[in-house]
Amino acid sequence: MHQRILHLPGLVSGLGLPVAFAAVLWLGTLSHGDVARADLAPKQALAGRHMVSAAHPLAAEAGREILRAGGSAMDAAIAVQLVLSLVEPQSSGIGGGAYLLYWDAAAAHLYAYDGRETAPASATSDLFLRPDGSRMAFMDAMVGPRAVGVPGVMAMLAKGHQRHGRLPWSALFADAIELAESGFSVTPRLHRMIDRMPRLWQLPDARALYFQDRPDTADRAASLRPAPLPVGALLKNPAYGRSLRLLAREGVRPFYHGAIAAEIVAAVQAASAAGRIYLTQADLASYQPRARQPICRPYRGYRVCGMPPSTSGGLTVLQILGLLGSFDMAALGPGSADAVHYIAEASRLAYADRDRYIGDPAFVDVPVRGMLDSAYLARRARLIQPDRSLGVADAGDPPGVQGSAQASNLAVDRPSTTHFAIIDQWGNAVSMTSSVEAPFGSHLMAGGFILNNQLTDFSFAPEVDGRAVANAVAAGKRPRSSMSPTVIFGPDGRLFAVLGSPGGSRIIAYVAQTIVALIDWRLDMAAAIALPRHVNRNGALELEADTSVALNAERLRARGHEVAIRPITSGLHGIRIVPGGYEGGADPRREGVVLGD
């Protein structure tokens, strides 16, 4: 890497991208108000050798450099994540968790890695309840030590590198170390996210790194809150650089057993009330990533594969597609009222099952096979009417359940996550979604990186009306996620596409819609990603403001939908195999890019 970016127009020329593509990249930084009822232009790139699509240009560049050096898609994924932890700290990082699908082209085998955080040994089912038994306010639960889970990203990446890496582990850290020590420029999105978090400045490490003192002012209240770093400011993070140098030299052992583990525990304990124990060094030392079996299901002759639980993402995406298989989606126009209606109704039914049944499979019996059973999905699909919404749907009774005693989940999530897609010169592919949960996670920092607040992905209430919740808090348990990294194989059995998105529980809807656009509507990856968004999580039907899909509002209300028009900031990244190479897309709603050779 040679150039450090001071502003986005300079960034585009620095990466050597075409002028037309530069205009598209710049559009991706605009707010919905700036776009003003014009659908977003796709961000697209073509390549013949390898490709990276990631949420920050510097992270994508780091991944591309690893691919150019002969690294595998897994090697590049590690470099991308290490940079994102620095330049996109509001979304993901080595203090969080992740899910990763890896397609090994030579072995023709799809691997699934679960790097989700776990609850510490001290965690009990009443973790997010007040003394009177009522649920805590989300911000009170999120900020501080209570919601910090044992981070899983680094252990998962190390496990993946052992099997799929080509370059030495230490070689994957160079760009992230250089950026941490030399600095990078604050982007508009990072500036906005710092500014929007009302408590971030109150935590000393975050305040020192992401804020600066305001000029003297007569308004004492305003002067107490420092100013977020402005766009273009040079941000250096030497503490993160020191952590990376240690990890590059010694592997992940210091993170779970050594100096970095001690820093994590010290940060959590320093923020804890006297006598209260949350995360400990024993919790870190006992963490293990999980190798899991991907879950796959046919859709229109393609095979769509995702992560199994502990995330709800793969299973719920496959349910939505399975329900839509009963309808001729190809005959409906993208973004039409009919298409939105059918996708929304399928989503209602799938999200209802998700909230009832899905949790950590080490703690609850998730009826995966029954939830994907063709006869069960066909029976559920018959509930969908062409002219009338179901309203709030009830969970079904998939085979093997026979009427569960479980209650629906009562969790609160905040959409701050990242996704990246990579294909290397051998055809190996990565689809990885990574998160610290809410923006800037718990707001606590250790070793120069943000610590997650992923435990708030558990249900705040362990039971409802005397019935246990599948996603209740328990020691050592993985909180249910919505992350949905996806790999799709074509009718010929060959790799067709890799994709995913950030967005909290909306991730599932974003990914399912994009798959419909790729397969039913035959759109290219960039166009599928740029489509106006609509989301139904078994409640109000959300339509993306200032886009053509919002023009359907009255027609959808006439079918009984409760409609809410609002900004919807997906962050999809994906790559599709095309004759002679790859076609990639990055979500124009954010500042990510696609790079390839």
Side-chain angles (χ1 to χ4, degrees), residues 31-33 35-40 299 316-317 319-355 377 380-396 408 415 482 484 501 503-521 523 527-570 572 587-589:
S31 70
H32 285 270
V35 176
R37 219 171 255 299
D39 291 348
L40 295 165
Y299 184 68
T316 310
V317 167
Q319 273 203 309
I320 292 171
L321 297 175
L323 292 162
L324 291 175
S326 297
F327 305 97
D328 185 3
M329 298 302 295
L332 308 179
S336 67
D338 285 339
V340 172
H341 172 73
Y342 282 109
I343 292 172
E345 296 300 279
S347 297
R348 288 183 193 279
L349 293 166
Y351 272 86
D353 278 4
R354 166 187 180 267
D355 282 346
L377 291 173
R380 292 281 276 171
R382 286 195 289 272
L383 298 173
I384 299 174
Q385 300 299 314
D387 58 353
R388 192 70 188 167
S389 172
L390 285 163
V392 177
D394 293 326
S408 293
S482 300
S484 308
S501 181
S505 57
R506 294 178 178 87
I507 290 172
I508 295 162
Y510 299 153
V511 171
Q513 288 168 35
T514 306
I515 294 170
V516 170
L518 290 169
I519 294 176
D520 287 300
W521 298 326
L523 298 184
I529 286 172
L531 278 179
R533 294 282 149 222
H534 51 92
V535 175
N536 192 290
R537 296 171 292 169
N538 200 20
L541 172 53
E542 302 170 80
L543 305 178
E544 185 175 6
D546 302 323
T547 69
S548 58
V549 76
L551 301 177
N552 294 315
E554 291 309 314
R555 278 171 284 181
L556 292 164
R557 289 188 178 108
R559 299 188 194 192
H561 291 280
E562 176 191 349
V563 175
I565 299 174
R566 57 180 56 137
I568 299 179
T569 310
S570 57
L572 288 144
D587 204 314
R589 298 160 185 86

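Residue numbers run from 1 in the order of the sequence given.
Between Phe327 and Tyr342, the ring planes are tilted. Angles from 30° to 60° get that label.
In terms of the salt bridge (Lys or Arg N to Asp or Glu O under 4.0 Å) criterion, Arg388 has no residue partners (sequence neighbours excluded).
The distance from the CZ atom of Arg506 to the OG atom of Ser347 is 12.5 Å, given to the nearest 0.5 Å. Between the CG atom in Asn536 and the OH atom in Tyr351 there is a gap of 8.5 Å [rounded to 0.5 Å]. The distance from atom OG of Ser389 to atom CZ of Arg557, rounded to the nearest 0.5 Å, is 13.0 Å. Of the inter-residue distances, the one linking Leu40 atom CG with Asp546 atom CG reads 9.5 Å to the nearest 0.5 angstrom. With values rounded to the nearest 0.5 angstrom, Leu551 atom CG is found 12.5 Å from Ser336 atom OG. Separation of atoms CD (Glu345) and CZ (Arg559) is listed at 9.5 Å; rounding is to 0.5 Å.
Contact check for Leu349 versus Ile384: side-chain heavy atoms found under the 4.5 Å cut-off. Taking the side chain as every heavy atom from C-beta outward, Leu332 and Asp328 never approach each other to under 4.5 Å. Within the 4.5 Å cutoff, side-chain heavy atoms of Tyr510 are placed close to those of Ile568. Inter-residue side-chain proximity for Leu321 and Val516 is flagged as met; some heavy-atom pair is nearer than 4.5 Å. Within the 4.5 Å cutoff, side-chain heavy atoms of Leu543 are placed close to those of Leu556. Using a 4.5 Å heavy-atom threshold, the side chains of His561 and Arg555 count as separate. For the pair Leu541 and Val340, the minimum side-chain heavy-atom distance is below 4.5 Å.
Taking a cutoff of 4.0 Å between a charged side-chain nitrogen and a carboxylate oxygen, Glu544 and Arg589 qualify as a salt bridge. Between Asp394 and Arg380, none of the side-chain N atoms (NZ, or NE/NH1/NH2) sits under 4.0 Å from a carboxylate O, so this pair counts as no salt bridge. Taking a cutoff of 4.0 Å between a charged side-chain nitrogen and a carboxylate oxygen, Arg533 and Glu542 do not qualify as a salt bridge.
Under the 3.5 Å distance criterion, the side-chain polar atoms of Asp39 are matched with a main-chain donor or acceptor of Ser548. With hydrogens and angles ignored, the 3.5 Å screen pairs a side-chain donor or acceptor of Arg348 with a backbone N or O of Gly391. Without hydrogens or angle criteria, Trp521 side chain to Ala331 main chain gives no donor-acceptor distance under 3.5 Å.
For residues 507-520, the salt bridge (Lys or Arg N to Asp or Glu O under 4.0 Å) pairs, not counting sequence neighbours, are Arg300-Asp520.
Considering every non-hydrogen atom in both Gln513 and Ile343, the closest pair reads CG-CG2, 4.1 Å. When all heavy atoms are compared, the tightest approach of Gly335 to Asn552 is O-ND2, 2.6 Å. When every heavy atom of Arg354 is checked against every heavy atom of Ser482, the shortest pair comes out as NH2-OG, 2.7 Å. Residues Leu323 and Ala381 come closest through the heavy atom pair CD2-N, 3.6 Å. For Pro567 against Ala545, the heavy-atom pair with the smallest separation is N-CB, 3.8 Å. The heavy-atom pair separating Ala352 from Asn538 by the smallest distance is CB-ND2, 3.7 Å.
Judged by distance alone, the side chains of Ser505 and Arg537 do bring a donor and an acceptor atom under 3.5 Å apart.
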